[in-house]
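To keep things clear, I will list the structure first and then write my remarks on it.
Atom set for the values below is all heavy atoms of this structure, side chains included, hydrogens, waters and symmetry mates excluded. Start at 1 and go down the list; that is how both ligands and their atoms are numbered.
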Amino acid sequence: MDNVVEIKHLQKRFGKFQALKDVTFNVQAGEVFGFIGPNGAGKSTTIRTILGILRSSGGSATVFGQNVWSNAVSIHKRLAYVPGDVYLWPNLTGGEVIDLFLKLNSQKHSARTDELIKKFDLDTSKKCRTYSKGNRQKVALIAAFSSDAELYIFDEPTSGLDPLMEEVFQDEVLALKNDGKSVLLSSHILSEVERMCDRIGIIREGTIIETGTLDEMRQLSRTVVTVTTKQPVASLETMDGVHNFDAKSANKAVFSVDSEKLNQIISAVSNLEIVGLQSTPPTLEDLFLRYYNQEGDSHDGE
Ligand SMILES: Nc1ncnc2c1ncn2[C@@H]1O[C@H](COP(=O)(O)OP(=O)(O)OP(=O)(O)O)[C@@H](O)[C@H]1O
Ligand SMILES: [Mg+2]
């Protein structure tokens, strides 16, 4: 089976409000799929539908080839999930809750669990009511990472973690990937997505607007170049594929170039006798800002 998660034209209405309009993407076996989009775009709603917590209003969603609504119980035995807002039993200790989560998932506290508790540096003897947001997330993450599942779903799991713990999280996700597990990760932390995800889906206002590898998405975007030439740079400004032209002097300019026009533009630059050339490929952040933006065009990539 190639697709662990398969979502086609998924829709979800809450009364009159349509939170999901057209969500289509797959998570392939053995990949880390990044699910990104602005606040309120529909990431958590999609994930809750995949988990069978919400019932869709249209379209289809399967996990392991099974319908997410009618087969939720058997699907849940094979997946681990960490939400962004982790609620724990206030009177139980962190350690007790980890074991409870494991038990609920038919898993056992193992050497691996202890290793994770150490790595995430969690004091498991404290009552959950005393835990900070980050510590509550650690409890859920430790239980999930110590579960032997085929699919791991994380919905903004690291919003409360400090950079050191963020690093531990990323290492653990990469370890899952090396073990051939599949991961669906929704996140606002772009470096996290950039480092770990094989493919990315971007959702905006309930609709998936782009899916692909980061490289494929970069192809759709622009490279920022800074050139210094012997001859005047002004002639470049009107070339097809050049945007946001900013002449720093008669012989130096910064502008962005459509990826498919890069070749022509660079030849034109070289005709002007290059003294200096610096190019910066679009970062994920540039791509985000461009996609998040309604017009999709007002960001100059600098
Ligand atoms: N139970 C609900 N009833 C009514 N509206 C809801 C419900 N749950 C979510 N929504 C609405 O659906 C939209 C999508 O919400 P969702 O939580 O899926 O966004 P998100 O992409 O996860 O955002 P964030 O990045 O802030 O977590 C929002 O407009 C939200 O207000
Ligand atoms: Mg959310």
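- Considering backbone and side-chain N/O atoms, Thr46 never comes within less than 3.5 Å of an N/O atom of ligand 1.
- Note on Ser186: not counted as a metal contact of the Mg ion (ligand 2), no N/O/S atom lying under 2.8 Å.
- Looking at Gly42 next to ligand 1, an N or O pair under 3.5 Å apart turns up.
- There is a side-chain donor-acceptor pair under 3.5 Å between His109 and Asp114.
- Counting only heavy atoms from C-beta outward, the side chains of Thr124 and Ile142 never approach each other to under 4.5 Å.
- For the residue pair Gln170 / Thr158, no side-chain donor-acceptor distance below 3.5 Å is found, with atom types taken as modelled.
- The protein non-hydrogen atom at the shortest distance from atom 26 (O) of ligand 1 is Asn39 ND2, 2.9 Å.
- For atom 9 (C) of ligand 1, the closest non-hydrogen atom on the protein side is Phe14 CE1, 3.6 Å.
- At the shortest separation from atom 11 (C) of ligand 1 among protein heavy atoms lies Phe17 CE2, 3.7 Å.
- Within the 4.5 Å cutoff, side-chain heavy atoms of Asp148 are placed close to those of Gln107.
- What sits closest to atom 18 (O) of ligand 1 on the protein, heavy atoms only, is Thr45 OG1, 2.6 Å.
- For Lys248 and Thr228, the side-chain atoms include no donor-acceptor pair closer than 3.5 Å.
- The nearest protein heavy atom to atom 24 (P) of ligand 1 is closer than 4.0 Å.
- Considering backbone and side-chain N/O atoms, Lys43 comes within less than 3.5 Å of an N/O atom of ligand 1.
- Checked for salt-bridge contact, Glu172 and Arg112 meet the test: a charged N lies under 4.0 Å from a carboxylate O.
- Of all protein heavy atoms, the one closest to atom 13 (C) of ligand 1 is Gly40 O, 3.5 Å.
- Between the side chain of Thr62 and the backbone N or O of Asn67, no donor-acceptor pair lies under 3.5 Å.
- Residue Ala19 has no N or O atom closer than 3.5 Å to an N or O atom of ligand 1.
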I would like to know whether Ser57 and Gln18 meet side-chain hydrogen bond (donor to acceptor under 3.5 Å, both in side chains); could you show each step before the answer? CA-CA 9 Å; Ser57 322; Gln18 184 144 19; over 6 Å; no
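- For ligand 1, the atoms closer than 4.0 angstrom to any heavy atom of Glu156 are 24 (P), 25 (O), 27 (O).
- Classification of the Phe33-Phe35 ring pair by plane angle, with boundaries at 30° and 60°, yields tilted.
- Put simply, no part of Lys12 is less than 4.0 Å from ligand 1, judged by heavy atoms.
- Summary of contacts: the protein heavy atom closest to atom 17 (O) of ligand 1 is Ser44 CB, 3.7 Å.
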